[in-house]
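Order of appearance sets the numbers: ligands from 1, and atoms from 1 within every ligand. Numbers here are sequence positions counted from 1.
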Amino acid sequence: MKISSTGGGLGAEVQNIDLRDLNEAAFGAIHQAWLDHLVLLFRGQQLTDSALIAFSRRFGELDLAPVQETGRRFVEGVPELYVVSNVLKDGEPIGSLGAGEAVWHTDMSYLPRPPKASMLYALEIPPVGGDTEFINMYAIYDALPDPLKRRLAGLRIKHDGTYNSGGYIRQGVTPTDDPRESPGAYHPLVCTHPETGRQMLYLGRRRNAYIEGLDVAASEALLDALWAYAERSEFTWRNRWRVGDLVLWDNRCTMHRRDAFDPASRRIMHRTQIKGSAMPAA
Ligand code: OGA
Ligand code: MN
């Protein structure tokens, strides 16, 4: 097994490994590399859904996938599996997020205990577009000016549960654009990573976010100031997908987004998400 940094703001590629066949020592090295590099890329994998789930379970118990935009759970009988796809079957999408841009976010942070990790496996990929980009939220926190860091101490942020990253309304939610009223969970704005002990900015997503205790205008202004730091390209890395890629990310100290692609082409990805704990304040 060979682990090489991407040379970007985060991430490493792990080569010479078959994820269907990992001994304890190899898994231990992958686990440590995941904590050190935040995002890992494994190319050329051949994973059935059950092999994807078996590898995922080595990190811990899995979270059930969010309900898809059609209100159904996919795949029948495999509630841990989330399908990201624009492909239609009998006129209905087989998965979520369509073919548009998916904006910066972290997965399922509208829950009190967001997943600690997600992994995404590429089954079909369009010839162009649909890259996924990741950003390092330890580095973003470190780069904030000290007066701004001091302002954040002790604050909590609400992560909205109304919209997913493709802008689709989640099943069963009555949409509101008042961030104080919308469903979601509060988390510390600056968190300590439960495994590395490092501090990070925990933003989740921009839409309908709200900083507890502030009036909406002040909350919006502070969020805009933070997001101005949170899209800095020196802290990012993007994957141009190939079929057989598996990307595993630490869902606590990273965010991700996806480029749009031609809706006439096909993209099919299968995702799992590993249960996490409440996010500890810094
Ligand atoms: C996800 C996600 C983006 C993509 O699966 O959580 O945001 O590239 N996917 O499909
Ligand atoms: Mn996501």
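We find the CG-CG distance between Leu201 and Leu189 to be 5.5 Å, quoted to the nearest 0.5 Å. Note: Leu248 CG to Phe59 CZ = 4.5 Å, rounded to the nearest 0.5 Å. One finds the OG1 atom of Thr106 at 6.5 Å from the NE2 atom of His256 (value rounded to the nearest 0.5 Å).
For the pair Arg257 and Glu101, the salt-bridge criterion is met [side-chain N within less than 4.0 Å of a carboxylate O].
Against a heavy-atom cut-off of under 4.0 Å, Val84 is close to the following atoms of ligand 1: 5 (O), 10 (O). Which parts of ligand 1 touch His256 is read off a 4.0 Å heavy-atom cut-off, strictly below it: atoms 1 (C), 2 (C), 6 (O), 7 (O). Short contacts between ligand 1 and Thr132, defined as distances under 4.0 Å to a heavy atom of the residue, involve ligand atoms 4 (C), 8 (O).
Nearest N, O or S atom of Asp107 to the Mn ion (ligand 2): atom OD1.
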Discussion item. Salt bridge (Lys or Arg N to Asp or Glu O under 4.0 Å) for Arg206 and Asp160? Distances and angles first, verdict last.
Written reply: CA-CA 9 Å; Arg206 178 63 185 90; Asp160 175 58; over 6 Å; no
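When atom types are taken as modelled, the side chain of Ser50 and the backbone of Ala54 share no donor-acceptor pair closer than 3.5 angstrom. Side chain of Arg266 to backbone of Glu124: no donor-acceptor contact under 3.5 angstrom is found.
Here His256 contributes NE2 and His105 contributes NE2, and at the Mn ion (ligand 2) these two atoms make an angle of 90°, given to 10°.
Counting non-hydrogen atoms of neighbouring residues, nucleotides and ligands closer than 6.0 angstrom, the CZ atom of Arg232 exceeds 12 such neighbours.
The distance criterion of under 3.5 Å between nitrogen or oxygen atoms is met by Arg271 with respect to ligand 1. Distances between N or O atoms of His105 and those of ligand 1 include at least one value under 3.5 Å. Taking only nitrogen or oxygen atoms, main chain and side chain alike, Arg267 reaches within less than 3.5 Å of ligand 1. Considering backbone and side-chain atoms together, Asp107 places an N or O closer than 3.5 Å to an N or O of ligand 1.
Scanning all protein heavy atoms for the shortest distance to atom 9 (N) of ligand 1 gives Leu120 CD2, 3.8 Å. The protein non-hydrogen atom at the shortest distance from atom 3 (C) of ligand 1 is Arg258 CB, 4.0 Å.
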